[in-house]
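So the structure is just underneath, and the comments pick up after that.
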Amino acid sequence: MKIEQLIDIIGSDFFTGVPDSQLKPLCNYLMDKYGINTCHHIIAANEGNSVALAGGYHLATGKIPVVYLQNSGEGNIINPVASLCNDKVYAIPIVFIIGWRGEPGIHDEPQHIYQGEVTVKLLEDMDIKVCIIDRSTTYKDIEQAMDKFRQALSVGKQVAFVIRKGAISYDNDVEYVNAHVMNREDVMKHIVKASGEDPIISTTGKASRELFEIRMTEGKSHKYDFLTVGSMGHSSSIAMGVAVNKPNTKIWCVDGDGAALMHMGAMAVIGVHKPKNLSHIVLNNGAHETVGGMPTVAGKIDFVGIAKACGYPNSVCVHNFQELDRELLKAKKTDELCFIEVKCAIGSRKDLGRPTTTTIENKINFMEYIEQL
């Protein structure tokens with residue numbers, strides 16, 4: 001189904017959400033039509049944020065908003081849906097468009113398997129009516145679904161279109177670029193070199209995939225790394241949990257800008273506790289690159305200033321490899337909490353692989369390694 005057809009039937013003029021690779025046709029359509037126009041389209045920090053934004057839109061206009069997300073973000077919407085939008089509370093109608101990763105019977109990555117199993121059940125448990133869209137779904141099918149949905153929306157309930165893989169399309173391809181020059185995979189190589197045998201906790205997406213392949217290429221063990229393949233936004237908290245319990249071991253967290261934004265409160269907790277053995281690196285390309293490249297707001301905010309305000313005693317931004325190596329060396333030698341923002345280009349190898357070990361193997365190898373430290 002052409003995404004334009006689905007949007008036409010829904011009939012909304014306000015969209016907010018967190019990008020998803022399965023919803024890339026929708027994301028590209030919104031960027032083409034609206035860009036990041038606060039009147040019509042806002043890319044949120046996290047899915048709960050987008051539900052609240054949608055609620056504000058409805059309060060201001062009386063109209064029905066659309067919230068888009070990957071199903072992995074359903075956990076982030078549960079609180080605002082249940083305690084803000086539910087018809088027993090403020091009765092705020094919302095149309096959700098949800099990419100179905102990990103659908104039973106469809107091969108996917110380990111972090112999506114359980115989430116895929118419970119995707120529809122979670123929605124139904126929240127009293128959200130569901131229509132599943134696949135490759136065979138027609139315009140008429142969606143019209144009929146919306147006719148039923150409008151009855152629920154009219155009394156302040158929420159509804160959801162759950163999108164199966166390949167179910168929607170958009171003819172235009174949007175190119176996402178920035179002005180930075182450092183390739184992220186090369187940045188990861190410099191981090192690996194500087195960290196030596198120190199443990200690394202890496203964030204969701206391509207950064208962890210690149211880290212895994214760097215270890216393979218260099219013939220090094222994967223035991224040094226915990227790959228946060230799911231749970232976007234929580235790698236820094238995991239790293240802090242490790243750091244405070246291994247105070248004599250240098251711990252490195254390799255974060256992404258989208259992930260850091262998603263749960264930025266973690267930086268406040270880290271900054272107040274100031275684990276002296278933690279170095280927090282944010283790879284900032286201003287994009288949700290792993291799921292297609294749509295922009296984050298990280299290109300327009302001061303991460304270094306935020307880190308300083310949160311209490312990080314050392315906070316810098318680097319733009320080239322000379323600066324990066326200098327700051328990595330300082331972080332390696334410094335007995336204080338460090339924050340390094342690395343301005344990266346958008347882009348990765350087309351043949352970039354995925355971890356070949358299981359998540360359980362990753363956990364066990366990592367735990368066995370840090371137990372010795």
Side-chain angles (χ1 to χ4, degrees), residues 16-21 24 27 30-31 34-38 41-50 52-53 68-70 72-73 76 174-188 191 201-208 210 228 231-237 239 253-271 279-310 312 314-320 323-324 327 338-348:
T16 181
V18 177
D20 169 40
S21 55
K24 189 174 181 180
C27 296
L30 293 174
M31 288 300 295
Y34 299 122
I36 309 177
N37 182 331
T38 56
H41 179 217
I42 298 174
I43 299 174
N46 61 57
E47 296 82 3
N49 176 206
S50 64
L53 287 165
Y68 60 88
L69 63 145
Q70 183 182 111
S72 62
N76 283 338
V174 178
E175 183 180 8
Y176 300 101
V177 296
N178 63 31
H180 305 307
V181 296
M182 283 193 289
N183 173 275
R184 186 186 53 249
E185 187 166 5
D186 290 334
V187 170
M188 290 296 298
I191 294 171
I201 289 84
S202 59
T203 191
T204 308
K206 291 184 178 179
S208 282
E210 289 163 347
T228 315
S231 192
M232 182 176 171
H234 291 302
S235 59
S236 62
S237 296
C253 174
V254 180
D255 217 343
D257 57 294
L261 287 167
M262 183 164 278
H263 296 295
M264 193 180 283
M267 290 179 64
V269 176
I270 293 168
S279 292
H280 186 184
I281 302 169
V282 171
L283 308 179
N284 185 0
N285 62 6
H288 288 284
E289 186 186 334
T290 297
V291 292
M294 287 183 80
T296 70
V297 298
K300 298 183 178 180
I301 66 171
D302 181 5
F303 261 127
V304 169
I306 291 168
K308 288 180 179 178
C310 286
Y312 285 70
N314 302 283
S315 183
V316 297
C317 179
V318 300
H319 299 82
N320 57 58
E323 294 174 350
L324 174 64
E327 296 303 329
C338 296
F339 180 89
I340 305 172
E341 178 187 11
V342 184
K343 295 288 191 177
C344 297
I346 297 174
S348 62

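Atom CD of Glu210 is separated from atom CE of Met188 by 7.0 Å, given to the nearest 0.5 angstrom. Residue Glu341 holds its CD atom at 8.0 Å from OG of Ser315, rounded to the nearest 0.5 Å. Interatomic distance, CG of Asp20 versus CD of Glu47, reported as 9.5 Å (0.5 Å rounding). Put simply, CD1 on Ile270 and OG on Ser236 are 4.0 Å apart, with the number rounded to the nearest 0.5 Å. Gln70 CD to Asn76 CG: the interatomic distance, rounded to the nearest 0.5 Å, is 11.5 Å. Here the CD1 atom belonging to Ile201 is positioned 11.5 Å from the OG atom belonging to Ser237, to the nearest 0.5 angstrom.
Considering all non-hydrogen atoms of both residues, Ala259 and Met232 come closest at N-CE, 3.6 Å. The shortest heavy-atom contact between Leu283 and Ala207 is CD1-CB, 4.3 Å. Residues Ala298 and Phe303 approach most closely at CB-CE1, 3.7 Å, considering heavy atoms. Between Lys206 and Ser348 the shortest heavy-atom distance is NZ-OG, 3.0 Å. Counting all heavy atoms, side chain and backbone alike, Asn49 lies closest to Asn46 at N-OD1, 2.8 Å. Taking both residues in full, the closest heavy atoms of Tyr176 and Gly293 are given as CG-O, 3.1 Å, listed atom of the first, atom of the second, then distance.
In terms of modelled atom types and a separation under 3.5 Å, the side chain of Ser208 and the main chain of Thr203 share a donor-acceptor contact. Proximity of a side-chain donor or acceptor of Ser279 to a complementary backbone N or O of Cys338 within less than 3.5 Å is not detected. Under a 3.5 Å cut-off, the side chain of Asp257 and the backbone N or O of Ala287 do form a donor-acceptor pair. Listed for the Glu289 side chain is a donor-acceptor partner under 3.5 Å among the backbone atoms of Gly347. Under a 3.5 Å cut-off, the side chain of Thr204 and the backbone N or O of Thr228 do form a donor-acceptor pair. Listed for the Ser235 side chain is no donor-acceptor partner under 3.5 Å among the backbone atoms of Asp255. A donor-acceptor contact shorter than 3.5 Å links the side chain of Asn178 to the backbone of Asn285. Of the possible donor and acceptor atoms, none in the side chain of Thr16 sits under 3.5 Å from a partner among the backbone N and O of Ile43.
A donor-acceptor pair shorter than 3.5 Å can be found between the side chains of His41 and Tyr68.
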Step by step, would you call Cys317 with Lys343 a side-chain contact (heavy atoms from CB on, under 4.5 Å)? CA-CA 7 Å; Cys317 179; Lys343 295 288 191 177; 3.8 Å; yes

Let me see the working for Ile281 and Val187 under side-chain contact (heavy atoms from CB on, under 4.5 Å), right down to the final yes or no. CA-CA 11 Å; Ile281 302 169; Val187 170; 5.9 Å; no

Intermediate values then yes/no, side-chain contact (heavy atoms from CB on, under 4.5 Å), Thr296 and His288: CA-CA 6 Å; Thr296 70; His288 288 284; 3.5 Å; yes

For His263 and Val269: C-alpha separation, side-chain torsions, deciding distance, then whether side-chain contact (heavy atoms from CB on, under 4.5 Å) applies. CA-CA 11 Å; His263 296 295; Val269 176; over 6 Å; no

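Two residues are said to be in side-chain contact when any heavy atoms from C-beta on lie closer than 4.5 Å; Ser50 and Leu69 fail this criterion.
Taking the six-membered ring where the residue is Trp, His319 and His180 present tilted rings, their angle falling between 30° and 60°. Taking the six-membered ring for Trp and thresholds of 30 and 60 degrees, Tyr312 and Phe339 have ring planes more than 60 degrees apart, a perpendicular arrangement.
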